[in-house]
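One structure is given here, and the rest of the page talks about it.
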Amino acid sequence: MSDIPLPDNLHPETLAVRLASERSQYGENSEALYLTSGYVQPSAQVSADKFSGEEDGYTYGRAGNPTVSSFEMRLAALEGSEAAIATSSGMSSIMLMLFSLLKAGDHVVFSQSMFGSTIKLIGSEFARFGVESTMVPQTDLAAWQAAIRPNTKLLFAETPTNPLTDVCDIAALADMAHNAGALLCVDNCFATPILQKPMDMGCDIVMHSGTKYLDGQGRVMAGALCASHSLVNDKFLPVMKNAGMVLAPFNAWVVLKGLETLDIRMRAQSAKAHELATWLEQHPSVARVYYPGLQSHPQHALSMKQMSNMGGAVLSFDVKTTDPVKARERAFHVLDSLQVMSLCTNLGDTKTLLTHPASTSHGKLSEEQRQVAGIGQGLIRVAVGLEHVDDMKNDLQRGLA
Ligand SMILES: *Cc1c(COP(=O)(O)O)cnc(C)c1O
């Protein structure tokens, strides 16, 4: 769809503020919100040409919307992909990808530390339709290689992961996928294109939950896939038109405006997370901090190289004690003592959000499965927002002291 004419070679920060669908005849400076499910056609012939694909243009909300197109163009510009397709949530973008690329008998290799619903969607739901899959340890390249079979079509990684911030080598996985004739998808939710551009490292598809940092203020659900024109137009769009997991125009507008401040938010939140992680690491009541920006992180060097020398805005820490019952009590005490920050299952908000993974996102696992995953009862995840770091420290100190 046509966009506002802009000079070539603008920087991503500029495109994040400027790139959008054409202005309407009213010349609005802030992008218009087109709340419409249908589009009036000037003639029966034009309508026929649009439906047959001979002419560009909007026909019906499930096939496209100018506000949604604006969001897709901006996100593609930030990720450095040829195109993007927006969906109703992060999970529906994964569903769209799997539906579009796989059939019964195909095989997927994915990391065992991915987002919980991603594991369920591939390992349980798509398994019902004959899609095979193998889970591998996130950081073990040899295990990824060993899991590849002749019918492997997709490698799927998330980096850094939730909540332990494991990092994997995107360029190495891209090579591995391509040597096997498969595609690599990276869930870039935690790093965002401000820290990490998987397309530049050879990745084929970047997946986003727009619910997180792209919106950035915890308001709406959204998702997207960034990829080549051919993947978006020939694979994803035809399935989208029939399956209908479209992003609502209002939500697209919110996330579109969120992208305008993504760069400054990510830099500020990452810097605050680094300061908080450094403080926590020295705290006598804290056993361990998980944060890619710290020297103590097992993949610190790779993280800094891959994530523009930033650690991101999510960190986790273990309260100090070896007794699992006490650990849970202590973690709960820290969370129940908060007066400023929120106990809230989300991330990517300007408000700092804390969770207890063992009783929420990883609550359905057995204690043994949790041990294997490294999710202890004393683990707390902090998705750092924009409050003053001293206020964050004081809020945690209440429960840690
Ligand atoms: C939240 C999240 C998702 C799912 O996105 P929704 O918008 O909640 O559907 C996928 N991956 C990661 C890493 C997430 O944090």
Side-chain angles (χ1 to χ4, degrees), residues 68 71 75 79 84-99 108 110-126 135 138 154-168 170 184-196 198 203 205-226 240 243-248 250-252 254-255 258-259 262 266 269 273 290 292 307 312-316 344-349 352-355 357 360-362 373 375 381-385:
V68 176
F71 165 62
L75 183 62
E79 285 289 359
I85 185 164
T87 61
S88 56
S89 69
M91 289 320 301
S92 67
S93 74
I94 301 177
M95 189 168 76
L96 175 64
M97 172 177 66
L98 300 174
F99 250 129
V108 182
F110 66 109
S111 154
Q112 69 189 16
S113 23
M114 290 191 82
F115 191 68
S117 297
T118 307
I119 293 177
K120 288 254 164 61
L121 185 62
I122 300 173
S124 305
E125 311 303 347
F126 271 78
M135 277 202 288
Q138 165 89 353
L154 182 70
L155 271 59
F156 192 8
E158 176 187 319
T159 180
T161 57
N162 172 39
L164 296 179
T165 71
D166 286 339
V167 170
C168 64
I170 297 172
L184 173 67
C185 175
V186 170
D187 179 335
N188 205 24
C189 189
F190 271 49
T192 82
I194 306 309
L195 273 64
Q196 164 175 292
C203 168
I205 305 161
V206 172
M207 174 257 140
H208 268 289
S209 166
T211 316
K212 311 294 168 52
Y213 294 101
L214 306 189
D215 168 16
Q217 294 181 58
R219 297 165 295 191
V220 298
M221 307 284 300
L225 300 173
C226 301
M240 168 69 103
M245 58 287 268
V246 286
L247 180 59
F250 177 77
N251 292 5
V254 171
V255 186
L259 287 182
L262 182 64
M266 284 312 292
Q269 287 174 235
Y290 306 81
M307 303 206 294
V314 177
L315 63 93
S316 292
C344 178
T345 311
N346 190 15
L347 62 99
D349 200 322
T352 299
L353 311 178
L354 287 89
T355 60
T360 57
S361 54
H362 296 72
I375 314 288
R381 186 192 76 189
V382 190
V384 176

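Worth knowing before you read on, the calculation uses all heavy atoms, side chains too, and leaves out hydrogens, waters and symmetry mates. Ligands are counted one by one from 1 in listed order, and the atoms in each one are counted from 1 as well.
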Nearest protein heavy atom with distance in Å, relative to atom 1 (C) of ligand 1 | K212 NZ, 1.3 Å

Can you name the nearest heavy-atom pair linking M240 to A86, along with the distance?
-> CE-O, 3.0 Å

Where's the contact between A222 and ligand 1, heavy-atom distance under 4.0 Å: side chain, backbone, both or neither?
-> backbone

Sub-4.0 Å heavy-atom approach of N162 to ligand 1 = no

M91 N/O to ligand 1 N/O under 3.5 Å | yes

Return the minimal non-hydrogen interatomic distance between S88 and V246, and the atom names on each side.
-> CB-O, 3.4 Å

Closest non-hydrogen atom pair, E158 against Q138 = O-NE2, 2.7 Å

Any idea which atoms of ligand 1 are less than 4.0 Å away from a heavy-atom of D187?
-> 10 (C), 11 (N), 12 (C), 13 (C)

Short N or O distance, F190 and ligand 1, threshold 3.5 Å exclusive = no

Ligand 1 N/O within reach of T118 N/O, cut-off under 3.5 Å = no

Looking only at heavy atoms, which two atoms of T159 and V167 are closest? And how far apart?
-> OG1-CA, 3.3 Å

Closest non-hydrogen atoms of N188 and P193, given as atom of the first, atom of the second and distance, are ND2-N, 3.7 Å

What closest approach, in Å, do M114 and I119 show between heavy atoms, and which atom pair accounts for it?
-> O-CD1, 3.4 Å

Centroid separation F99 to F126 less than 6.0 Å | yes

Atom 4 (C) of ligand 1: nearest protein contact (heavy atom, Å) | F115 CE2, 3.4 Å

Using a strict 4.0 Å cut-off to heavy atoms of E158, name the atoms of ligand 1 that fall inside it.
-> 13 (C)

Which is it for M221 and ligand 1 at heavy atoms under 4.0 Å: side chain, backbone, both or neither?
-> side chain

